[in-house]
Amino acid sequence: MGKLYAVGFGPGGYEHMTAKAIDVIKNADIITGYTTYVEMLRKFFPEKEYVATPMTKEMDRCRMAVDLAAEGKTVAMVSSGDSGIYGMAGILLEIANEKKADVEIETVPGVTAASAAASILGAPLMHDFTIISLSDLMTPYSLIMKRVDCAGQGDFIVCLYNPKSKKRADYVEKAAEILMKYRDGKTPVGVVRHAGREEESSYITTLDAVKDAPIDMFSIVIVGNSNTYVRDGKMITPRGYEDKYGFANVE
């Protein structure tokens with residue numbers, strides 16, 4: 001029996017891949033994934049056999065991977081970030097069940113975009129947070145904004161994935177308007193583009209100004225909670241240590 005791995009390889013750089021992800025990729029007979037992700041990995045593992053499919057072909061890609069594993073091959077289905085967070089692990093398991101395939105599937109976690117972006121901005125995720133994708137390809141717009149509203153009510157730090165596209169040009173603005181019902185317009189907002197990749201860039205703005213920020217599908221937007229602040233260019237969300245223990249004895 002073959003083996004099928006759902007591998008999260010992190011933001012894209014070799015240094016952010018886990019040892020397990022590297023080991024699985026090196027020992028796989030075939031690596032399959034979205035074309036862009038395959039090209040990212042090809043420069044690190046040029047000797048491997050790759051099978052790529054374009055965007056929107058996720059189900060075809062998964063069926064092919066399941067079939068190859070059923071033939072006795074070791075297959076690595078790769079996703080950027082973490083394969084279990086908006087990645088391919090779920091659909092692989094669903095399709096394997098649908099096909100009643102006798103295939104062992106293992107999920108290999110990776111550094112997700114939220115933690116990659118947060119490390120660049122400072123320490124914005126030090127308290128309870130939520131990740132919300134603004135893509136309405138699979139989720140209705142009304143439900144997305146309901147989730148944003150609930151996050152605002154709960155004073156969660158909010159990480160926005162897939163924040164903007166040509167068809168969804170104002171979704172970030174709409175989300176910001178909802179969050180400003182519950183927190184100040186000067187709440188810090190961090191934007192990281194191409195987190196962990198060569199093209200990486202980042203900046204910090206505010207909730208009431210984020211509508212004018214240059215944001216695209218390669219960006220991650222992190223909206224602070226009511227206690228988040230910026231100091232020395234770093235976005236910080238207090239965990240509560242100062243209130244509980246004080247910093248008077250810290251040298």
Donor-acceptor pair, distance only, cut-off 3.5 Å: does the side chain of D23 make one with the backbone of A19?
no
Test of ring centre spacing under 6.0 Å for F129 and F156:
no
Please report the interatomic distance CG(D29) to NZ(K73), rounded to the nearest 0.5 Å.
6.0 Å
Is there a continuous path of hydrophobic side-chain contacts, each under 4.5 Å between heavy atoms, that joins V230 to V210?
no
Can you name the nearest heavy-atom pair linking V148 to A175, along with the distance?
CG1-O, 3.8 Å
Could you go step by step and tell me if R63 and E98 meet the salt bridge (charged side-chain N to carboxylate O under 4.0 Å, His left out) rule?
CA-CA 10 Å; R63 290 191 179 100; E98 174 193 67; 3.8 Å; yes
Could you tell me whether a side-chain N or O of D232 sits under 3.5 Å from a main-chain N or O of K234, the two making a donor and an acceptor?
no
One should read off an interatomic distance between I91 CD1 and S83 OG, to the nearest 0.5 angstrom, of 13.0 Å
More than 12 heavy atoms of other groups within 6.0 Å of E198 CD:
no
With a 4.5 Å cut-off on side-chain heavy atoms, are Y14 and I22 touching?
yes
Taking side-chain hydrogen bond (donor to acceptor under 3.5 Å, both in side chains) as the test, write out the residues that go with T206, two or more places apart.
D208
Quick check on the hydrophobic clustering: are L125 and I236 connected, directly or via other members, by side-chain heavy-atom contacts under 4.5 Å?
no
Main chain of G196, side chain of E200: is a donor-acceptor contact present, judged purely on distance under 3.5 Å?
yes
Say whether S219 and D216, considering side chains only, have a donor N or O and an acceptor N or O under 3.5 Å apart.
yes
When you compare the side chain of V158 with that of I222, does any pair of heavy atoms fall below 4.5 Å?
no
Would V78 and L41 count as a side-chain contact (heavy atoms from CB on, under 4.5 Å) here? Give the steps.
CA-CA 9 Å; V78 297; L41 292 177; 3.6 Å; yes
Side-chain heavy-atom pair R61, M77 within 4.5 angstrom cut-off
yes
Compute whether any side-chain donor of one residue and acceptor of the other, for Y37 and T32, lie under 3.5 angstrom apart.
no
Can R193 and E199 be counted as an ion pair, charged N to O under 4.0 angstrom?
no
Keeping N162 on the side-chain end and S135 on the backbone end, is there a donor-acceptor pair under 3.5 Å?
no
So with a 6.0 Å cut-off around CG of D102, is the heavy-atom count from everything else above 12?
no
Shortest non-hydrogen separation from P163 to Y171 and the atoms involved
O-CB, 4.2 Å
When rounded to the nearest 0.5 angstrom, what distance separates CD1 in I157 from NE2 in H127?
7.5 Å
Taken to the nearest 0.5 Å, the spacing of M138 CE from L143 CG works out to 14.5 Å
Output for pair (R183 CZ, Q153 CD), nearest 0.5 Å, gives 11.0 Å
Counting only N and O atoms by type, is there a donor-acceptor contact under 3.5 Å from the side chain of D149 to the main-chain atoms of I178?
no
I'd like to know whether NZ of K181 has more than 12 heavy-atom contacts from other residues, nucleotides or ligands below 6.0 angstrom.
yes
Do I215 and I220 sit in one hydrophobic cluster, given that two such residues count as connected whenever their side-chain heavy atoms are within less than 4.5 Å of each other, even indirectly?
no
If we only count heavy atoms from C-beta on, is the F9 to V108 side-chain gap below 4.5 Å?
no
Between the side chains of S226 and D155, does any donor sit under 3.5 Å from an acceptor?
yes
With salt bridge (charged side-chain N to carboxylate O under 4.0 Å, His left out) as the criterion, how do K99 and D67 come out once you've worked through the C-alpha distance, each side chain's angles and the decisive distance to 0.1 Å?
CA-CA 9 Å; K99 295 173 72 69; D67 290 342; 3.2 Å; yes
What do the steps show when you test M64 against V51 for side-chain contact (heavy atoms from CB on, under 4.5 Å), and what is the final call?
CA-CA 9 Å; M64 176 182 62; V51 178; 3.3 Å; yes
Are F218 and V192 linked, directly or through intermediate hydrophobic residues, by side-chain heavy-atom contacts shorter than 4.5 Å (ILVMFWY only)?
no
Would you check if the side chain of T228 reaches a backbone N or O of P188 as a donor-acceptor pair within less than 3.5 Å?
no
Rounded at 0.5 Å granularity, tell me how far CD1 in I105 sits from CG in L92.
5.5 Å
Run the side-chain contact (heavy atoms from CB on, under 4.5 Å) check on V189 and I204 step by step: do they pass?
CA-CA 6 Å; V189 176; I204 296 174; over 6 Å; no
Between T139 and D136, is there a side-chain donor-acceptor contact under 3.5 Å, judged purely by atom types and distance?
no
Please report the shortest heavy-atom distance between P11 and R197, naming the atom on each side.
O-NE, 2.5 Å
I need the minimum non-hydrogen distance between Y229 and P238, along with the two atoms involved.
CE2-CG, 3.7 Å
Are L134 and I144 close enough, and set up right, to give a side-chain contact (heavy atoms from CB on, under 4.5 Å), and what steps lead you there?
CA-CA 7 Å; L134 295 188; I144 292 170; 3.6 Å; yes
Do L160 and Y141 land in one hydrophobic cluster if side-chain heavy atoms of ILVMFWY residues count as linked below 4.5 Å?
yes
Heavy-atom closest pair, residues A65 and L4
CB-CD1, 3.9 Å
Counting only N and O atoms by type, is there a donor-acceptor contact under 3.5 Å from the side chain of K48 to the main-chain atoms of K26?
yes
Do Y50 and F45 make the cut of ring centroids closer than 6.0 angstrom?
no
Check whether any side-chain N or O of T112 sits under 3.5 Å from a backbone N or O of S115 as a donor-acceptor pair, and report yes or no.
no
Judged by atom type as modelled, is there a donor-acceptor pair below 3.5 Å linking the side chain of Y86 to the main-chain atoms of S133?
yes
Where A114 and I131 come nearest, the two heavy atoms and their spacing:
CB-CD1, 3.9 Å
